[in-house]
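For the single chain, residues carry numbers from 1 onward in sequence order.
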Amino acid sequence: MNASPETQPPAAPEWPSQTAKKLGAQLRGLAGKAIEDFQMIGPGDRVMVCLSGGKDSYTLLDILLSLKRSAPIDFEILAVNLDQKQPDFPAEVLPNYLRELGVPFHVIEQDTYSVVKRVIPEGKTMCGLCSRLRRGALYRYAAENGITKIALGHHRDDIVETLFLNLFFGGRLKAMAPKLRSEDGRHIVIRPLAYVAEAQIERYARARSFPIIPCKLCGSQENAQRRQVKQMLAAWEREYPGRTESIFSALRNVEPAHLADPSVFDFKGLHFTDGESSQADC
């Protein structure tokens with residue numbers, strides 16, 4: 001299920017309203033800033049956009065196509081979807097959408113559904129194993145097809161939620177990096193929507209009328225811990241608007257000397273010497 005080699009360059013999308021146009025411009029600005037700040041895409045890059053059929057990945061593809069049309073550099077976009085062989089999965093929705101859009105694409109067919117259902121006991125969260133299997137399939141395809149950047153649709157709220165998941169349940173001060181090298185060192189993963197709020201993506205997806213495909217692998221099961229964190233952040237945001245943005249800003253303004261990790265800051269190397277104040281820095 002691949003795009004025809006005669007596929008034409010994607011046409012500019014039609015917008016249903018001025019409000020949607022304005023929102024699209026905001027998202028392009030935020031994604032463009034993230035791409036520039038973290039040098040996510042360079043000349044000649046072959047960018048694989050991982051398309052799940054959800055609002056985030058549709059928005060990611062749409063915004064990257066828009067940026068590509070006006071970018072001062074030349075780079076390729078290839079949309080890739082993993083067909084996990086879920087029962088009743090509408091397999092033609094994404095290919096039809098991408099053909100209409102004129103976007104080169106590839107569908108990887110791998111029965112991760114059966115693996116997850118066999119390995120994970122009934123009632124347990126399937127998200128972790130499902131995510132690892134998906135990542136493995138996408139990384140293999142990237143390695144075999146000259147992909148230089150793997151683009152994922154994670155947004156600002158995903159990053160902040162992950163910070164608290166690791167803090168509360170893992171005892172680590174860790175979130176999602178906007179750009180990272182994979183553990184095996186073979187891939188560069190980018191998150192161009194890192195500065196975009198989930199609420200903006202929800203409005204954008206409605207305005208663009210994307211053909212959303214819900215995940216039915218686990219009955220739309222949601223990781224309980226992530227759900228708790230999401231609810232906590234939503235409550236904070238209602239009471240203190242802007243708090244999520246403030247937390248995200250903190251991730252971009254880290255002071256290692258005021259944390260407690262000796263592998264990050266040389267605390268042992270700090271000594272009092274003559275001429276220095278004996279007052280603690282507080």
Less than 4.5 Å apart, side chain to side chain, heavy atoms only: is that true for Leu259 and Val254? yes
Distance (rounded to the nearest 0.5 Å) between Ser66 OG and Leu27 CG: 10.0 Å
I need the Ile108 CD1 to Leu138 CG distance, nearest 0.5 Å. 5.0 Å
Taking salt bridge (charged side-chain N to carboxylate O under 4.0 Å, His left out) as the definition, give me every residue that meets it alongside Arg238, ordered by chain and number, with sequence neighbours left out. none
How far apart are the closest heavy atoms of Ala151 and Leu64, and which atoms are they? CB-CD1, 4.2 Å
Quick check: do Leu30 and Gln200 have side-chain heavy atoms less than 4.5 Å from each other? yes
Walk me through whether Ile150 and Val80 qualify under side-chain contact (heavy atoms from CB on, under 4.5 Å). CA-CA 10 Å; Ile150 299 174; Val80 174; over 6 Å; no
Residues pairing under ring-ring contact (aromatic ring centres under 6.0 Å, His included) where one sits in residues 29-53, two or more places apart or in two chains, turn out to be none
So do Lys68 and Phe75 actually touch side chain to side chain, heavy atoms under 4.5 Å? yes
Find the distance between NZ (Lys149) and CG (Leu78) and round it off to the nearest 0.5 Å. 15.0 Å
Report yes if the side chains of Gln110 and Tyr141 come closer than 4.5 Å at any heavy-atom pair, otherwise no. no
So, Arg191 side chain and Ala177 main chain: donor-acceptor pair closer than 3.5 Å or not? yes
Sequence neighbours excluded, which residues qualify as ring-ring contact (aromatic ring centres under 6.0 Å, His included) partners of Phe169? none
How far apart are the closest heavy atoms of Ser57 and Cys50, and which atoms are they? CB-O, 3.4 Å
Taking the basic N atoms (NZ, or NE/NH1/NH2) and the acidic carboxylate oxygens, is any pair closer than 4.0 Å for Lys268 and Asp266? no
Heavy-atom side-chain contact between Leu173 and Leu167 under 4.5 Å: yes
Could you give me the CA-CA distance, side-chain angles and deciding distance for Arg252 and Tyr195, then say whether side-chain contact (heavy atoms from CB on, under 4.5 Å) is met? CA-CA 11 Å; Arg252 303 186 68 234; Tyr195 291 169; 2.9 Å; yes
Could you walk me through whether Ile188 and Arg181 satisfy the side-chain contact (heavy atoms from CB on, under 4.5 Å) test, starting with their C-alpha distance in whole Å, then the side-chain angles of each, then the deciding distance to 0.1 Å, before giving a yes or no? CA-CA 5 Å; Ile188 297 295; Arg181 188 180 298 277; 3.9 Å; yes
Check: Ile201 and Leu193 side chains under 4.5 Å, non-hydrogen atoms: yes
For residues Pro256 and Val264, report the shortest heavy-atom separation together with the two atoms involved. CB-CG1, 3.5 Å
Polar side-chain atom of Ser246 near backbone of Gly242 as donor-acceptor pair, under 3.5 Å: no
Can you tell if the side chain of Tyr204 reaches within under 4.5 Å of the side chain of Tyr58, non-hydrogen atoms only? no
Is there a side-chain contact between Val103 and Val49, using heavy atoms and a 4.5 Å cut-off? no
Separation between CZ (Arg206) and CD1 (Ile212), nearest 0.5 Å, reads 11.0 Å
Quick check: closest heavy atoms across Asp158 and Gly153, and the distance to 0.1 Å? OD2-O, 4.4 Å
If you measure from the Lys or Arg side-chain nitrogens to the Asp or Glu carboxylate oxygens, is any gap between Glu198 and Lys230 under 4.0 Å? yes
Out of curiosity, Ile41 CD1 to Arg46 CZ, how far, rounded to the nearest 0.5 Å? 14.0 Å
Apart from Phe265 itself, what residues make up its hydrophobic cluster, given side-chain heavy atom links below 4.5 Å? Phe267, Leu270
Where at least one partner belongs to residues 170-192, residue pairs that pass ring-ring contact (aromatic ring centres under 6.0 Å, His included), sequence neighbours excluded: Tyr139-His187
Could you tell me which non-hydrogen atom of Ile190 sits nearest to which non-hydrogen atom of Lys179, and how far apart they are? CG2-CG, 4.1 Å
Any chance you could measure Leu82, atom CG, to Leu133, atom CG, to the nearest 0.5 Å? 9.0 Å
For His155 and Val196, which heavy atoms make the closest approach, and how far apart are they? CB-O, 3.2 Å
Is there a continuous path of hydrophobic side-chain contacts, each under 4.5 Å between heavy atoms, that joins Met232 to Tyr240? no
Evaluate Phe105 against Asn81 for side-chain contact (heavy atoms from CB on, under 4.5 Å), listing each step before the verdict. CA-CA 8 Å; Phe105 71 91; Asn81 168 252; over 6 Å; no
Could you tell me which residues satisfy side-chain hydrogen bond (donor to acceptor under 3.5 Å, both in side chains) with Asn96, sequence neighbours excluded, listed by chain and number? Arg99
